[in-house]
Amino acid sequence: MAYRAISAHHPDGLRLESYAEILAEVATTGRRLTRAEVHELRELGERAAREGLGLREVVRAHLALARAAWPDLPGASDASGVRQVRSAATCVLAASEQAVDALAEGYERAQLVAVRRDEAARREFIDDLLHGRSDLGDLSARAERFGLQLAHTHTVAVARGDQPHDDTDPLTRRVETALTTRFGPRRVLLTTKDARLVCVAPGHQPDVVEYFAEQARVALAMEGTTERGCRVAIGRAHPGPGGVVQSYEEALSALELADRLRLEPVVLRASELLVFPVLTRDRHAMADLVSTVLGPLRGARGGAGELVRTLNAYFDAGCVAAEAARRLSLSVRAFTYRLKRIEQLTGADPADPFQRYTLQTAVIGARLLGWPEQEL
């Protein structure tokens, strides 16, 4: 017995050869479908899915075949007696239930394979897009499938929480739904990479990445991410396929910089952090500045660490001594004493605009280099 071809053009093209003979045997003997028959039905369901038939159409066509075969089955007529008719009907319905279940299983299996194939293609595209590992022409052609026009300008934003996230996370879906609801079918790609949420949006629509940043922050907070653990970084807008890579790398660099400098803002913009790459471009010069300007603080009781933290708090508070003292849980008097001690040791007055600039640059350098915890 063989189950044969499916027409891809119309559900009525679904044909099961010898199906009437099987149902006749089922009605007579009461047997269930054999393992081979169930296997062929599963394969039939898989072929139906591959040829584009809907599951509803496949099941309806199958049941129509069973209904058409019913009048000619043994025990189906009134002359056979009510009890025999009921018995035949029960057996045929049980066999049809098996057949429908096998068809659906094969159909769903084919769909799962297709979905996994699409997911693999999407993941490969995202990896190539964010790391620039593919031919740009090929990458641009593949991007159309995912709603991106790489000839245009794009901005990339990256969100990170305490927990890793992937494309199947409820949090990812929540942020994606919020973006779709707000902006509709714009050319926006939301995905995950290295356990972080990534949003690729048109560069001329900055409101998209700003909204993504807000929604990601809210979603991460709802998940239980601490304010310190939640970070969203937004790269600058750049043109072309290489622009996506550049913007993505800027966002990653902003996240790394925020960790090293212990920056307070939850949302970081690469355009506002451009001074830091300049400062770190010459590590030797920066180390020399830190050593020269802040090195004398090692002579303080307890070392340089406490006084460097004092300067950090002072500059972070906008050079307002009362606010800086509050942040360090000190009295204003104790805090101003520390500032005086810093001036005595370094010879630089934090209240003097020019000397303050030198001190602040040295303090930023100390953060970047991990000094005084790490030797220069």
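What you are looking at is a predicted structure, and each value in this text was computed from that prediction instead of being measured.
A salt bridge links E323 with R327: the distance from a Lys NZ or Arg NE/NH1/NH2 to an Asp or Glu carboxylate oxygen falls below 4.0 Å. Comment: R109 engages E105 in a salt bridge, judged by a side-chain N to carboxylate O separation of less than 4.0 angstrom.
Residues A219 and V175 approach most closely at CB-CG2, 3.9 Å, considering heavy atoms. Taking each heavy atom of L294 and A362 in turn, the nearest pair found is CD1-O, 3.6 Å. Closest of all the heavy-atom pairs between A237 and T155 is CB-OG1, 3.3 Å. The shortest non-hydrogen separation linking G161 to L220 is CA-CD2, 3.9 Å. Closest heavy-atom contact between T172 and L190: O-CD2, 3.7 Å. Smallest separation of non-hydrogen atoms from A233 and A251: CB-O, 3.2 Å.
Put simply, the side chain of D169 never gets that close to the backbone of L171: no donor and acceptor are under 3.5 Å apart. Distance alone, capped at 3.5 Å, places no donor-acceptor pair between the Y107 side chain and the E46 backbone. Within the 3.5 Å criterion, the main-chain N or O of R236 finds a donor-acceptor partner in the side chain of E250.
There is a side-chain donor-acceptor pair under 3.5 Å between T192 and D167. In this model, no donor atom of one side chain and acceptor atom of the other lie less than 3.5 Å apart for Q149 and H154.
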Would L129 and L189 count as a side chain to side chain contact (heavy atoms under 4.5 Å, CB included) if you check the C-alpha gap in whole Å, the side-chain angles of each, and the deciding distance to 0.1 Å?
-> CA-CA 11 Å; L129 176 68; L189 176 65; 4.1 Å; yes

Yes or no on side chain to side chain contact (heavy atoms under 4.5 Å, CB included) for L252 and V158, after CA distance, side-chain angles and deciding distance?
-> CA-CA 7 Å; L252 293 184; V158 180; 4.3 Å; yes

Decide side chain to side chain contact (heavy atoms under 4.5 Å, CB included) for L307 and L345; before the verdict, give the C-alpha distance in whole Å, the side-chain angles of both, and the deciding distance to 0.1 Å.
-> CA-CA 10 Å; L307 294 182; L345 291 170; 3.9 Å; yes

Candidate pair R42 and L103, rule side chain to side chain contact (heavy atoms under 4.5 Å, CB included), full reasoning | CA-CA 5 Å; R42 290 196 188 105; L103 281 167; over 6 Å; no

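We find the NZ-OH distance between K193 and Y248 to be 6.0 Å, quoted to the nearest 0.5 Å. To the nearest 0.5 Å, the span separating CG on L179 from CD on E176 amounts to 8.0 Å. Note that the OG atom of S331 and the CZ atom of R326 stand 14.5 Å from one another [nearest 0.5 Å]. One distance of note links OG1 of T177 with CD of Q215; it measures 10.5 Å at 0.5 Å rounding. In this structure, the separation between CE on M286 and OG on S291 is 13.0 Å, given to the nearest 0.5 Å. Going from atom NE2 of H165 over to atom CG of D194 covers 14.0 Å, rounded to the nearest 0.5 Å.
With sequence neighbours excluded, the residues that form a ring pair (Phe, Tyr, Trp, His ring centres under 6.0 Å) with F125 are F146. Evaluation of the side-chain hydrogen bond (donor to acceptor under 3.5 Å, both in side chains) rule for Q246 yields no partner, not counting sequence neighbours. E375 pairs by the salt bridge (charged side-chain N to carboxylate O under 4.0 Å, His left out) definition with R298, not counting sequence neighbours. Partners of E214 according to the salt bridge (charged side-chain N to carboxylate O under 4.0 Å, His left out) rule, which considers only residues two or more places apart in sequence or in another chain, are R217. When the salt bridge (charged side-chain N to carboxylate O under 4.0 Å, His left out) test is applied to E249, no partner is found at least two apart in sequence or on another chain. Residues satisfying the side-chain hydrogen bond (donor to acceptor under 3.5 Å, both in side chains) criterion with R174, sequence neighbours excluded, are absent altogether. Applying the side-chain contact (heavy atoms from CB on, under 4.5 Å) test to T29 and every residue at least two apart in sequence or in another chain returns E25, R31. Listed by chain and residue number, R367 satisfy the salt bridge (charged side-chain N to carboxylate O under 4.0 Å, His left out) test with D316 (two or more places apart in sequence, or in another chain).
Applying the side-chain hydrogen bond (donor to acceptor under 3.5 Å, both in side chains) test to pairs two or more places apart or on separate chains, none has a residue in residues 349-366. Here salt bridge (Lys or Arg N to Asp or Glu O under 4.0 Å) pairs that include residues 265-287, with residues two or more places apart or in two chains, are E210-R269.
The shortest distance between side-chain heavy atoms of L263 and L273 falls below 4.5 Å. For the pair L369/Q374, no side-chain contact is recorded, criterion being any heavy-atom separation below 4.5 Å from C-beta on. Contact check for L359 versus F315: side-chain heavy atoms found under the 4.5 Å cut-off. Looking only at side-chain heavy atoms (C-beta outward), E37 and T34 come within less than 4.5 Å of each other. Side-chain contact between R231 and L268 is present, with heavy atoms from C-beta onward closer than 4.5 Å. Side-chain contact check for L33 versus L41: some heavy-atom pair is nearer than 4.5 Å. Under the 4.5 Å side-chain criterion, counting only non-hydrogen atoms from C-beta, F212 is not in contact with V188. Under the 4.5 Å side-chain criterion, counting only non-hydrogen atoms from C-beta, V38 is in contact with Q98.
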Show the atom names and distances, to 0.1 Å, of all donor-acceptor pairs under 3.5 Å that link a side chain in residues 254-261 to residues at least two apart or in another chain.
residue, atom, partner, partner atom, Å
D259, OD1, R160, NH2, 3.3
D259, OD2, R160, NH1, 2.9
R260, NH2, L368, O, 2.9

Just list the side-chain donor-acceptor pairs under 3.5 Å for residues 334-342, sequence neighbours left out, or say none.
residue, atom, partner, partner atom, Å
T336, OG1, V332, O, 3.1
T336, OG1, R333, O, 2.9
R338, NH1, T310, OG1, 3.0
R341, NH1, Q344, OE1, 3.3

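Note on V209 and V245: separate hydrophobic clusters, where clusters join Ile, Leu, Val, Met, Phe, Trp and Tyr whose side-chain heavy atoms are under 4.5 Å apart, directly or indirectly. Hydrophobic clustering places V290 together with V275 (ILVMFWY residues linked when any side-chain heavy atoms are closer than 4.5 Å, directly or through intermediates).
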